[in-house]
Amino acid sequence: MTGTLLAIVSAIFFPGIILRVKSIASGRKGPGLLQPWKNIILLFRKSSVFSTTTSFIFRLAPAVYLATICCALMLLPFPGMPSAFGFEGDFILFAYLLALGKLLFILGALDTGSSFEGMGANREALYSMLTEPAFFILLGTLSLLSGQLSIQGIFSHFQFAGQFSLIAGAISIYLLVQIAMIENSRMPVDDPKTHLELTMVHEVMVLDYSGVDLALIQTGTNLKFVLYGGLIANFFMPANSDWLPLTAAIQGSPFTVHLMAALLNVSIFMAVQAMFAAAIGLMESFRARKKLAKNPQFIVTLSSIALIAFILVLLLTRNLIR
Amino acid sequence: MAQYFIPAAVLLSFLILVVPGKVRYYYTLSLILFIILVTSIPAILQFLSLPVAASLKTGSAITASLQATNWIFKGDLGELRFTIDKLSSFFILVTNFTVLTGMLYSRGYLKAYEKTKNPAQFSLHYFSYAWLHLSMLAVLTLRDGLSFLIAWELMAVSSFMLILFEAEKRSTLKTAVNYLVQMHIGFVFLLIAFLITEAGTGLMSFDALPSWFSNHGNTGLFLLFFAGFGIKAGFMPFHTWLPEAHPAAPSHVSGVMSGVMIKMGIYGIFRVLTSIQSDWYSIGLVLLIVSAGTGLLGILFSTAQKDIKRILAYSTIENIGIIGLGMGLGSIGIALHNPVLTVLGFTGSLLHVLNHSLFKSLLFYGSGSVFRATHTRNIEELGGLVHSLPRTAGLFLFGSAAICALPPLNGFISEFLLYAGFFKGLGAGNEYLSILFLLIILSLTLIGGLAIFSFSRAFGISFLGNPRKDIHIQPDTVTRDMIFPQLLIVFVILGIGLMPLVFITPIAGLVESQFHPGALPEGIFPAAALSKISLFGLILVSLVTAILLLRLRLLKNREATYGPTWGCGYTDGTARQQYTGTSFAGNLSELAQPVLQNREEFRAIASEDIFPHKRSMHIQTGDIFSKGLGKLTDLSWLVLKKLARLQTGNIRHYVLYAFIFILLIFVLLYLKLI
C-alpha cells in the first residue's frame, strides 16, 4: 500500500510540474503547481451539460475509468514492504484492468454520436491494441530475468547493480516512458494542446464531458501518469537495504537502518516522479508530434525494441550462442 | 434403470411431430428438461466424486474415484454402450445449460414466424432441436467408433435442418448445403482415422487408441483426428463454413451451435489427447501454432465485418484459437514433464470452453433480439439502439466485456490461467521454446486488444449514437421470454468471474484425472492468485458503485442542461455523418490489408467533376481462406466435369466399366500387385 499512497501523494504535484516545465520552456512563468487540481476541484463543483444522444453508458464510463485506474494503483509495489494485493501474475490483471477502463471510455465517446468522437475512439482502440504487446513483452523479459511473476517479485529480484540488469533496466525505463506517453495520449502520438478536433485522440473523446464527469476523467488521467511513474521509480529504488553505502555508514540499530532505507526509498520515489513529470514537460516542449498515419509504425517499433530486449536477455542469461 | 430413459427420450422426441401447435413448445421444453435431468445427474455425480484437485491442496497424486457410469444395450448386432466419464460429464453439463437457454430463448424469438411459417415447419424445427441435443449427448458418451460416427453424422444433419429454418432465402439454402458438405469432409477424416485404428488394433473405438498410440508414431494419426474434429471446431484454415452458417441460422440455433456444437470438435481432440502416448512435443507445437493463427486471424477478420452475427462468428473462431492454445500448452507441459504447465494449460482450455459457451450464446441471443426488433443485422444501418432496447444493450455490453476477457468477468479467469502458464513456461524449456512462448503471449495480447477493438465497434456502432438509417424499430418484439435466459447466463458469468475457485477446482481435478501430470509442487497452482482476483473484482465493483454514488450526490441539487452533441462548430450534422462500422475499422483494415483483402470500389473525385452528383463507395470484406477454398472447388469442379463424361446413362457402358474393373483386378492379382 505504501507505493499506492506515495503515488497518490505525488499525483498532487505531477500535472503541475508538467505544466510548469512546459511554461518555462516556452519562456513563460506558468501557473502554480496546484493549478491543475484547482481546475479539477472547480469542475467537481460545476453542473453538467449532457447531450440528448447519450445514454447510461456515457455516465457510467468516467466512473469505471477512474475505478480501474485506482484498482491498478493498488498493485504498485514498494521495495521492502510486503505487497498487500500483489500476487503471481498480477501484471496481467494490471493490464486488463486498464483495458476495461479503456473499453468503457471508448464506448462513452461513441455514445455521443459525434463523428469526431468516433474518430478519437477508433484511434484510442487501435493505439492501445498496438501498445499492449510492448508492455507484455517487457514484463515477460523482466520475469524471465528475475524468475518472478508478480510486480513486487520482479522488482525485488531485479538488482539494478547486476550484470545484465543495467541494460535491461535502461531499455525497460525507455519503454515504460514511451508506453506511458501513448497510454496517456501525449506526445508524440497525441498532443493535449492541439486545437484541431480532426487530429485529436484523447481530447476529442472527452469533448462532451462536463462538470463532475470531466473531473473524474481528469483525476483518472493524472493518476494514470503516476501509476506508470511509480513503476519506473521501482527501477531506481534498491530492494536490498544492505547494498547502500549510506545505510552501512550509519551503523545504527536495525530499526534506524530500516527507517533510513525507507526514507531514502521514499525520497527516490518522489524524485523519480518529479523527474518523470519534468521529462514529459521537456519532451512535449521540444518534440514534434508524429503524423497520425505514422503513429502505428511508431507504436509497433516499441514492441520490436521490447522483443530485442527479450532476446538479449535470453542470450545473456542462457548463453544462446555457445 | 436409468438407461431406459434413453430409448424413452428417443421415442418421446417423435411425438414433437404430432403434438398440437399450442403445446409444442412446452412439450419440447419438458422433453429437453427430462433429457437434461437424466444426463446431468450422473455427470454431476462424476464431478462430485473427483477428489479436491491435488494441485490446490498438496503434492499428493490423484486417487481413484467413482467409476464411469455405463448404460449398455445388448442386441443381436452387438452392444451399444453409453459411457459417462469425467471428461464427458464436463462437456455434458456445458451442453445441457446452453441447450436449455437456447430453448427458452426460442419461444420469444420464433413468435414472429408464426404467421409466415406453417406448423409442420415448427414441428420439424423443434424436432431437429431435440435431436441436436440428443446427438450431441450421444457424441459425448459413445466410445465405439462406428456408433460415434453415426451420432456425429446425426448431429451434422440435425444442425443442418436447424440452419434451414429460413430455407426460402436462397443464401440460407446455399449456406446450409455448404455446411453439410464441409461437415462430410471432416467426417471422412474421422472415418479414415478410425479405420487406421481398427487396422492396427482390431477395434474401432476410442478405447483402442491408447494401445494403437503406444505401438505407432503419434503425430500422424493425431493430425488426422485433428483435421476431422478441427473442421467442426473451426480451426483455421477449416473455418470457412462457420461465418456463413452462424448468421444464416436462427439466433437461438447460432447460440447453441457456436456455444456448444462446435465444442464437440474440442471434445474430440481432448478425447484423443487423453490417449496420446508419445510425441507430445510436436503435437503441442502443432496445436500452438495453428491455434495462434486461428485466434489472431479470426479476430482480425471479425473487425472488418458488417453483419453483427458474422462478427460474432469470427470471434468464435478466435475463441477456438484460445482454447487450442491451452491444449497446446498442456501438451508441451506433458512433453517437458512440467505438471504446472499441463494443469494450467488444460484447465484454462476447458474453462474457456465453458466460458465461451456462456458469453457467446449471450451475445448471439442479444444479436437475435436486435434482429427481431430492427429486421437487419447490418451494423451500418443500426445505431442508437440503447434507447429503444436498453435491456438488450446492457446484456450485449456485459457479454462484450466478458468476451474481451476483462475483469471481473469469466473470460479473464480462463485467459489469466493461460497467460500464467505461458509466462511460467518462458523459463521451462530451451531458448527456442522461450521465444515461441513469448510469441504466443504476444499473439494473446494482440487477440485481447483486437477483441476490444472489434467489440467496441460492434456494440458502439449498433447500440450507441443516433440511428444511421430510418428503420422502424419494434422494441416490443423483444419480450421477457428472450431476456430471461440471458439473465441466467449473466448470473453464471458473474459466478465464474467472482468465485473462480468454485469452478476451477473440479476442472483442475478433471485435468489431473485425465492427464496424470504427476505430483505437483505445493501451492504452484495459482489458487492464491485467483482469490486475489476475486477480491479485486469485488473492490472494482464497490469502487465503481462508490464513485457513481458520489457522482449522484454531487449532481443532486444541480440542474443539468441538455442539448445536442457538441458538433465542433458544425451545427447541423446528420446521423449519416457519424462514424460507421467501416470507418471504425478503416485504419486497422489498412494495416491488415494483406490478410483482409478488402476490395474497394470507389472512384476518386476527378478535376472535371465540377458539379455535385451522386457518388458511391462499396467495400467488400474478403477471407483469403474462402478465396483459396473457392479456387480449390473450382479446380475440382473442372476435373469432375471432365469425368462426368463417363456417366453416359447408357447401361451398356456401365456393364463395360464393370468388366474393365474385374479385368483390372485379375491383371493386378496376376502381377501380384494386390
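A, B, ... follow the sequence lines: proteins, then strands. Residue 1 opens every chain. FYI, side chains are in, hydrogens and waters are out, and symmetry mates aren't considered; it's all heavy atoms of this structure.
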At a heavy-atom distance under 4.5 Å, which candidate from B:Leu450, B:Leu397, B:Leu548 has the highest pair count against chain A?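 Of the options given, most contacts go to B:Leu450.
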Between B:Ser456, B:Gly460, B:Gly586, B:Gly563, who has the most heavy-atom pairs with chain A when the cutoff is under 4.5 Å?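 Heavy-atom pairs under 4.5 Å are most numerous for B:Gly563.
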Greatest number of heavy atom pairs closer than 4.5 Å to chain B - which of [options]:
| options | answer |
| --- | --- |
| A:Leu216, A:Asn122, A:Leu110 | A:Asn122 |
| A:Leu75, A:Leu130, A:Leu292 | A:Leu75 |
| A:Pro62, A:Ser48, A:Ala125 | A:Ser48 |
| A:Leu107, A:Thr112, A:Val204 | A:Leu107 |
| A:Glu132, A:Lys46, A:Arg123 | A:Lys46 |

State, to 0.1 Å, how close [X] and [Y] come at their nearest heavy-atom pair, and which atoms those are.
| X | Y | value |
| --- | --- | --- |
| B:Thr565 | A:Ser114 | CG2-CB, 3.6 Å |
| B:Gln578 | A:Gly113 | CG-O, 3.0 Å |
| A:Cys71 | B:Ile539 | SG-CG2, 4.0 Å |
| A:Phe56 | B:Gly394 | CZ-CA, 4.4 Å |
| B:Pro564 | A:Ser51 | C-OG, 4.0 Å |
| B:Leu406 | A:Ala99 | CD2-CB, 3.7 Å |

Can you tell me which portion of [X] sits under 4.5 Å from chain A's heavy atoms? Options are side chain, backbone, both or neither.
| X | answer |
| --- | --- |
| B:Val386 | side chain |
| B:Leu540 | both |
| B:Leu554 | side chain |
| B:Glu590 | neither |
| B:Pro407 | both |
| B:Leu444 | backbone |
| B:Ala405 | both |
| B:Phe412 | side chain |

Minimum side-chain heavy-atom gap [X]-[Y] below 4.5 Å:
| X | Y | answer |
| --- | --- | --- |
| A:Ser143 | B:Leu426 | yes |
| B:Leu438 | A:Ile311 | no |
| B:His387 | A:Ser55 | yes |
| B:Phe463 | A:Ile57 | no |
| B:Leu591 | A:Leu126 | yes |
| A:Asp90 | B:Phe536 | no |
| A:Ser128 | B:Ile452 | no |
| B:Phe416 | A:Leu93 | no |

Check each atom of [X] against the heavy atoms of chain B and say whether the ones under 4.5 Å are side chain, backbone, both or neither.
| X | result |
| --- | --- |
| A:Lys102 | neither |
| A:Asp111 | both |
| A:Thr141 | neither |
| A:Val212 | side chain |
| A:Ala121 | both |
| A:Phe91 | side chain |

Between [atom1] of [X] and [atom2] of [Y], what distance do you get to the nearest 0.5 Å?
| X | Y | atom1 | atom2 | result |
| --- | --- | --- | --- | --- |
| B:Leu555 | A:Phe44 | CG | CZ | 10.5 Å |
| B:Leu418 | A:Ile92 | CG | CD1 | 9.5 Å |
| B:Leu439 | A:Ile137 | CG | CD1 | 8.0 Å |
| A:Phe310 | B:Ile441 | CZ | CD1 | 7.5 Å |
| B:Arg551 | A:Leu60 | CZ | CG | 9.0 Å |
| B:Leu543 | A:Leu66 | CG | CG | 8.0 Å |

Name the one of B:Thr445, B:Leu446, B:Leu442 that satisfies side-chain contact (heavy atoms from CB on, under 4.5 Å) with A:Phe136?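 The option that passes is B:Thr445.
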Within the supplied structure, the quantity of interest is the number of heavy atoms (other residues, nucleotides, ligands) at a distance under 6.0 Å from B:Arg558 CZ; does it exceed 12?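 Yes, because the 6.0 Å sphere around CZ of B:Arg558 holds more than 12 heavy atoms from other groups.
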Could you walk me through whether B:Tyr419 and A:Tyr96 pass the ring-ring contact (aromatic ring centres under 6.0 Å, His included) check? CA-CA 12 Å; B:Tyr419 270 118; A:Tyr96 274 78; 5.8 Å; yes
Side-chain donor/acceptor of A:Thr53 to backbone N/O of B:Asn466, under 3.5 Å: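 Not confirmed, A:Thr53 side chain does not pair with B:Asn466 backbone.
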Any residue meeting side chain to side chain donor-acceptor pair (under 3.5 Å) with B:Ser462, in chain and number order, not counting sequence neighbours: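 Side chain to side chain donor-acceptor pair (under 3.5 Å) check on B:Ser462 returns nothing, list empty.
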